[in-house]
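Since this is a predicted model, take the numbers as computed values, not measurements. Counting begins at 1 with the first residue of the sequence.
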Amino acid sequence: MSGAITMTRDGPIATVVLDRPDKLNALTRAMWQHLGETMRALSADDSVRCILVRGAGEKAFSPGNDIAEFAAERANKAQAVEYGRAMHGAAEALATCRHPLVAQIHGICVGGGLEIAALCDLRICGAGSRFGAPIKNLGLVMAYPEMAPLVRIAGPAVALEILLEGRVFGAEEALAKGLVTRVVPDDRVATEALAAAQRVAEGAPLAARWHKKFARRLADPRPIGPEEHDEAFDCFDTADFREGYAAFLAKRKPDFTGR
């Protein structure tokens, strides 16, 4: 079955593509596995400053899992558990990636595609994009690791509305629900997503990683301890802070090194 996860680099920006345009980038078990492997490798690479995640072409980000694969890969609970390991491994890799993630959303963003987009830090879509998770029509449920990012960005009430009704809805409603960060004209999605990635990449990479870490920690109800509070001031001992401060005084663009 055709389809892959491809990755390209342009300096500090990596682009990860759900690359199965003949099937609107419908996801296979192998693609989930490869997505997790790709994200883990990029997360470990300190030269990366931002990652764009997109579907191939401009018709779809992804409509979710390829239903045609279910007969061989997801026909019963035992198979579904194994399939879930690949899906949830990829979800964990996205959720724990140290670098900022920007979802570049063209067209359809449904089911597993919506789950991937929800795991990104910024989500930029076109005015004609469509969203939803109509898995109730298959008699299926969204497992905890799949539902968690929807609950995180939109809240439990909106997540339940999406799952219980199973509607597919437009970009403006997705924006109102908190599912996307920004809606732009369809022919500007790639330009705007790249511009956002470039702005992220121009910032201090250590600061970006700390901000992602702190945001994840603030979602944890446990009290923040003294050592964790203290970590927020580690940035003052970095070369990036010294460079940023010097650049500000000199009214020039900073050249951050990630140290």
Derivation of the side chain to side chain contact (heavy atoms under 4.5 Å, CB included) call for H88 and Y144 | CA-CA 9 Å; H88 303 161; Y144 288 113; over 6 Å; no
Specify the closest pair of heavy atoms between G89 and R40, including all atoms of both residues, with the distance to one decimal.
-> O-NH1, 3.4 Å
Rounded to the nearest 0.5 Å, how far apart are CD1 of I5 and CD of E37?
-> 10.0 Å
To the nearest 0.5 Å, atom CG of L18 lies from atom OG1 of T6 at 8.5 Å
Return the orientation label for the F233 and F236 ring planes: parallel under 30°, perpendicular over 60°, tilted otherwise.
-> parallel
Identify whether V168 and M142 are in the same connected component of the hydrophobic contact network (ILVMFWY, side-chain heavy atoms under 4.5 Å).
-> no
Examine distances only and state if a side-chain atom of E73 and a backbone atom of Q79 form a donor-acceptor pair shorter than 3.5 Å.
-> no
E243, CD atom: more than 12 neighbouring heavy atoms under 6.0 Å = yes
Can you spot which of L119, T181, V180, L179 makes a side chain to side chain contact (heavy atoms under 4.5 Å, CB included) with I153?
-> L179
Atom of V141, atom of I135 and distance for their closest heavy-atom approach | C-CD1, 3.5 Å
Pairs flagged by salt bridge (Lys or Arg N to Asp or Glu O under 4.0 Å) wherever residues 229-241 is involved - sequence neighbours left out = K213-E231
May I ask you to test the L140-F70 pair for a side-chain heavy-atom distance under 4.5 Å?
-> yes
Treat each ILVMFWY residue as a node, draw an edge where side-chain heavy atoms are under 4.5 Å apart, and state whether L94 and M147 are in one component.
-> yes
Rounding to 0.5 Å, atoms CG (L163) and CD (E146) come to a distance of 10.0 Å
Do the side-chain N and O atoms of S47 and R9 include a donor-acceptor pair separated by under 3.5 angstrom?
-> yes
Quick one: is the NZ or CZ of K177 closer than 6.0 Å to the six-membered ring centre of F131, and within 45° of its axis?
-> no
Compare every heavy atom of E69 with every heavy atom of L27, then report the nearest pair and how far apart it is.
-> O-OE1, 4.3 Å
Hey, could you give me the NZ/CD1 distance between K136 and I162, rounded to the nearest 0.5 Å?
-> 13.5 Å
What is the minimum heavy-atom distance between A14 and L42, and which atoms define it?
-> CB-CD2, 4.0 Å
Residue pair R74 / N65: nearest heavy atoms and the distance that separates them = NH1-ND2, 3.1 Å
Which one of T28, N25, D66 satisfies the side chain to side chain donor-acceptor pair (under 3.5 Å) criterion with R20?
-> D66
Hey, mind stepping through D46 and R98 against side chain to side chain contact (heavy atoms under 4.5 Å, CB included) and telling me if it holds?
-> CA-CA 9 Å; D46 284 344; R98 296 186 304 147; 2.5 Å; yes
Going through the checks in order, is the salt bridge (charged side-chain N to carboxylate O under 4.0 Å, His left out) test met by E228 and R222?
-> CA-CA 12 Å; E228 292 175 300; R222 293 175 301 160; 5.6 Å; no
Between side-chain atoms of residues 101-118 and protein atoms elsewhere (two or more places apart, or another chain), which donor-acceptor pairs fall under 3.5 Å?
from : atom 1 : to   : atom 2 : distance (Å)
Q104 : NE2    : H106 : NE2    : 3.0

F214 atom CZ, over 12 foreign heavy atoms within 6.0 Å = yes
